Amino acid sequence: GTLLNTGTIRSTVGARVGARTLRGNVDNQGTIAAVNRDLDYSGSGTLTADASGVFSVGDGVSIDLNSGTTTVLGSGTTFTSTGTGRIDVLGNLTIASDFTLPSTGPAMDLSFDNVTTVSGPGTFINADTVYTDRDVFDAPFTNQAVVRSLEANQGTVYNGAWTNEANGSFVVEVINTSLVTLTSTSVTNAGTLTITGGSAVNTYASELNVTSGTLLNTGTIRSTVGARVGARTLRGNVDNQGTIAAVNRDLDYSGSGTLTADASGVFSVGDGVSIDLNSGTTTVLGSGTTFTSTGTGRIDVLGNLTIASDFTLPSTGPAMDLSFDNVTTVSGPGTFINADTVYTDRDVFDAPFTNQAVVRSLEANQGTVYNGAWTNEANGSFVVEVVNTSLVTLTSTSVTNAGTLTITGGSTVNTYASELNVTTGTLLNTGTIRSTVGARVGARTLRGNVDNQGTIAAVNRDLDYS
């Protein structure tokens, strides 16, 4: 049968230190208490406590809901604790109605070597501390305090709606190569979501994977080094209306998702680290996008960019590096305005491009193509600095240089040539076009129609107009 408890069931240490165990079906409408000795709920029974059940845990002890059992929690469940008491969950949980783990109660630890399934229909609301490891939350989950995902091998999966509220701290802190997966179409971070390393020294990676919906971020998603130096990765569709920050460890945005940040998104990069927008991804930037950096932080772009509205890379932000072995396509309709430093290599700018600071075209083999309107303003320095026989091509009918356009050699010693090719329109030059030797002694070539109303200079290297 089922033990109906309207009184108190408790475990005490007494004069012996062996296990204290409760087995079978229990309907707890009273109190179950681990006073000064752990209480094991074991076997294959169901412990129901959703109506009015109390769990009370003493300092330094735990109530252990063991593998094979199911515990039913709900709006009528109460947890109390003194000191460092815990609820250790190795069995399954059913959230019959919305259940809150209170800030005044014990922490709940699901971080064991088994899989705990948390079922609905109610929402699990955490206002204290929850530890997870390779668990499955089919119930909706809301975090108002602290979740530490101490994942190993498989990782925890959240199939229900997932919310990290403004005061919530959700930490992906793996102890093996693993991930936390959000599969719902309703996933929101308004608090702090940290992707970091665990407490032991290894190079295992930490990853948050959004597989179905779009993660709406109005809080902060950040990567930190923690105690492990492996990769910190974010995957899936993200609508960043808050902040994405690489604090002291690179943050990789990987997979095939879209990261939208054109309305109000902030990218913050710490000294010596980078946010890497990797191959296969698309990042949407615009007039509402903000970049901030301390020291030598960078944005490394290997995926594609969409400029939804006019976007400025600010002088106070990180440099943006597109100089990798893949082709990055920069699409419009907005204009990419550079007020900092941009590095390119075999990329395609279909969006209009305006340079107000520094562009270094570290081209190899194919070179970068600008299909949109191209402008190098009066304070702009645009350097064609190839590292292989290659060129920069301007295909638009609107191409203007009012600054300094330098055709030079790269940083290693070779005889490869550097070339700027104007294929369709006429390059209006009211600034300076110049050739310098740099570190390479190959040809320096200018091709196409040029209206020179400024200066064309061969400084210390021949300039071929061909």
Side-chain angles (χ1 to χ4, degrees), residues 3 5 7-50 52-74 76-95 99-118 124-137 139 141 143 145-152 156 171 173 175 198-199:
L3 170 59
N5 177 47
T8 300
I9 301 171
R10 66 179 190 166
S11 61
T12 64
V13 67
R16 296 179 179 253
V17 294
R20 306 292 183 258
T21 303
L22 173 64
R23 296 180 185 270
N25 296 323
V26 180
D27 181 1
N28 180 32
Q29 298 180 26
T31 298
I32 295 178
V35 179
N36 53 11
R37 183 64 184 161
D38 296 347
L39 175 61
D40 291 334
Y41 178 59
S42 299
S44 58
T46 298
L47 170 52
T48 304
D50 59 307
S52 59
V54 177
F55 294 90
S56 176
V57 189
D59 185 32
V61 297
S62 63
I63 294 176
D64 300 336
L65 306 173
N66 287 326
S67 181
T69 66
T70 298
T71 302
V72 182
L73 307 176
T77 310
T78 302
F79 282 86
T80 67
S81 177
T82 58
T84 59
R86 295 185 331 276
I87 302 292
D88 291 345
V89 183
L90 296 90
N92 294 324
L93 298 178
T94 297
I95 312 301
F99 158 73
T100 300
L101 183 68
S103 60
T104 56
M108 184 174 284
D109 194 347
L110 293 78
S111 65
F112 299 96
D113 288 340
N114 64 304
V115 175
T116 291
T117 299
V118 182
F124 188 125
I125 303 166
N126 173 46
D128 195 346
T129 300
V130 170
Y131 301 89
T132 66
D133 174 14
R134 67 194 84 183
D135 303 306
V136 177
F137 283 76
F141 182 82
N143 182 42
V146 177
V147 175
R148 291 181 61 187
S149 300
L150 309 173
E151 307 301 336
T156 291
V171 183
E173 186 177 0
I175 54 176
S199 58

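None of these values were measured; they are calculated from a predicted model.
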Listed by chain and number, what are the side-chain contact (heavy atoms from CB on, under 4.5 Å) partners of A34, not counting sequence neighbours? S11, L39, V61, I63
Taken to the nearest 0.5 Å, the spacing of I32 CD1 from R10 CZ works out to 14.0 Å
Output all residues satisfying side-chain hydrogen bond (donor to acceptor under 3.5 Å, both in side chains) with S111, sequence neighbours left out; order by chain, then residue number. D109
I need the minimum non-hydrogen distance between L65 and L93, along with the two atoms involved. CD1-CD2, 4.3 Å
So, the side chain of T156 versus the backbone of D135: is there a donor-acceptor pair under 3.5 Å, distance only? yes
Shortest non-hydrogen separation from G60 to T84 and the atoms involved: N-OG1, 3.2 Å
What is the distance from atom CZ of F137 to atom OG1 of T116, rounded to the nearest 0.5 Å? 8.0 Å
Distance from S62 atom OG to R37 atom CZ, nearest 0.5 Å? 9.0 Å
For F79, give me all partners under ring pair (Phe, Tyr, Trp, His ring centres under 6.0 Å), at least two apart in sequence or on another chain. F55, F99
What I'd like to find out is whether the side chain of L22 reaches to under 4.5 Å of the side chain of L47, using heavy atoms alone. no
Kindly say whether T129 contributes a backbone atom to a donor-acceptor pair with the side chain of R148 at under 3.5 angstrom? no
Verify, without hydrogens or angle tests, whether R23 (side chain) and G45 (backbone) share a donor-acceptor contact under 3.5 angstrom. no
Contacts of type side-chain contact (heavy atoms from CB on, under 4.5 Å), residue D27, not counting sequence neighbours: T2, L4, Q29, T48
Can a donor-acceptor pair be found, under 3.5 Å and without considering hydrogens, that links the side chain of Y41 to the backbone of T46? yes
Set of residues satisfying side-chain hydrogen bond (donor to acceptor under 3.5 Å, both in side chains) with respect to S42, sequence neighbours excluded: N66
Taking only residues at least two apart or on different chains, which pairs with a member in residues 85-94 satisfy side chain to side chain donor-acceptor pair (under 3.5 Å)? R86-D88
Which heavy atom in S81 sits nearest to a heavy atom in P106, and how many Å separate them? CB-N, 3.4 Å
side-chain hydrogen bond (donor to acceptor under 3.5 Å, both in side chains) filter on T80, not counting sequence neighbours, yields S56
For A145 versus A127, what's the shortest heavy-atom pair and its separation? CB-C, 3.4 Å
Under 3.5 Å donor-acceptor, T77 side chain and A49 backbone: yes
Could you pull out all residues at least two apart from V130 that satisfy side-chain contact (heavy atoms from CB on, under 4.5 Å)? L101, M108, L110, F124, N126, T132, V147
Residues at least two apart in sequence or cross-chain that pass side-chain hydrogen bond (donor to acceptor under 3.5 Å, both in side chains) with D50, listed by chain then number, are none
S52 side chain to G76 backbone, donor-acceptor under 3.5 Å: no
Separation between CG (L150) and CD (E173), nearest 0.5 Å, reads 5.5 Å
Go through the structure and list residues passing side-chain contact (heavy atoms from CB on, under 4.5 Å) with T82, not counting sequence neighbours. D59
Provide the closest heavy-atom pair for V89 versus F112 in the form atom of the first, atom of the second, distance. O-CD1, 3.6 Å
Can you measure from CD1 (I95) to CG (L73) and round to the nearest 0.5 angstrom? 4.5 Å
